[in-house]
Amino acid sequence: MSQPASAESLFDDFALASERARTRAPRQCEEQSLGLAGGFVRIRVAGRQLAERILPSYAHLTLPRPPAEEPDLEIDLWDEEATGTPCPRKDLPDTPVFRWPVGQGHFMRADDDRFVGHDMEHSVNWLDRKRNRIVGWVAAAEKLTMFERGKPLHFLLSIWLRDRGVQIVHAGLVSRRGKGLLIAGAGGAGKTTTSLACLCAGFDYLGDDYIALEQMNGGAFRGHSLYGSSWVEPEHLKCFPSLVPHAQTGLPPPHDKHLLHLHDIYPDRLASRADIVALASPRRTGDEQSAYVKTTKGQALLHMAPTSMLQLFPRPGPQGMDKLAALVDHVPCFELALGSDIAGIADCVQKLFAEVVAG
Amino acid sequence: MAKVMDGEAIIMNLTSGVYYSSDGVGGVIWEALQQGVSLGDTLTVLAARYDVDPAKAEADLHRFVGELESENLIRLDGTTPSTSSPPREERASKQSYREPELHIYSDMGDLLALDPPAPDLYDAS
């Protein structure tokens, strides 16, 4: 097979292959309509085991029925082993392609960045930013990494969201009656601990490491859930006994965390969006009890900005910093001193909420 | 890239991943410099706002600016006049003075050194 002349023809080859896969193995196909950060996403997966590994992370975003309008984003994925449809080509088009190692694979961009992709040894996914479509091949569902299972298509979705003016932040988000507390901080600060403690105590959960941030008219901010999954170290998971039986273990090294699909455990507690009414910066302490205290806007930005600006892909750039500063400026900010008593963390967050709502 | 929030400067070097903060007197100095106020006029602001010996304020200002320059956060020509006027300070009483400090955080810088990010889609080419 000759090398494609353009990235567009390569993309079209993938699209045709995904269609061929669906035609060859119709009983292996699953289709869902998702409400993702205010957009309608249609996802079709050819390969039952692939669907079982990918779709649970989006289960909480499933729409009760497909909307009448065209999707804002179409995603078509197929499993070669399940459908007998091979990857059409793994070579790159002869138009200039930029390739850079990102997340156990490579990020690719071609045709003035109209086409962006991410490839690993066992998977290749491409996003056409003009047509708002993702196509992707997987050699076999069992080869998916924990990252691909927990945060499917993360890099390409991040770009699509960014194109729509929605910024990904490194934060957790929990809510009560549609009002959300954004929990921001570096890795290890306690975002997952706080988010899961609140989930187990009855809060609505929208995420513990990536949240899509949208600035609304009037300056308020809305947080959108992306994934209903969490990664937790085995020792940390012991703090949440209700979650332990649901942990997916036995993933190949170097994964040292367990994967949780939280919609399987608390289907009524996973929310898709919340209006952000406060920001908390968690900090672990050696105490048993948790406490919160108002913090300065500068300190709140100091805790939130570094990982959200430097560690995420794609990086938000100066506009992203403006947005984070606007968020910090708009809502009350707190430091959350986390104690070892997990239930106490949720109690503390509840008191924080009560203060914010009363104020 | 920097923001000043309630007088605290939060500064990020997107290339190295090192980030900084400075509040109080440091925040005032940073904000003045970003607004194009000269060192001389910045010193005037400090002397008007804070209960501080002018010589000490001047020494601290030059030390602090030296730190900013050594971290490549600013580049100053000492002879450059102000491009904007410092705010007129009319205070009944002066604030207590605390030496400006530049807090430096290199945890992200270490991470980026191990795993440099791809040039961003949205960076200017």
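Every value quoted in this text rests on a predicted model; they were computed, and no experiment measured them. The chains referred to below are lettered A, B, ... by the order of the sequence lines, with proteins before strands, and numbering in each begins at 1.
Contacts between A:Gln299 and chain B at a heavy-atom distance below 4.5 Å involve backbone atoms as well as side-chain atoms. Neither the backbone nor the side chain of A:Ala300 comes within contact range of chain B, judged by heavy atoms closer than 4.5 Å.
A heavy-atom distance below 4.5 Å is not found between the side chains of B:Met5 and A:Thr296. For the pair A:Leu301/B:Glu8, no side-chain contact is recorded, criterion being any heavy-atom separation below 4.5 Å from C-beta on.
Contact record, A:Leu302 with B:Tyr20: CD1-O, 4.3 Å, taken as the closest heavy-atom pair. The shortest non-hydrogen separation linking A:Met321 to B:Ile10 is CE-O, 4.2 Å.
Separating the CD atom in A:Gln319 from the CE atom in B:Met1 is a distance of 10.0 Å, to the nearest 0.5 Å.
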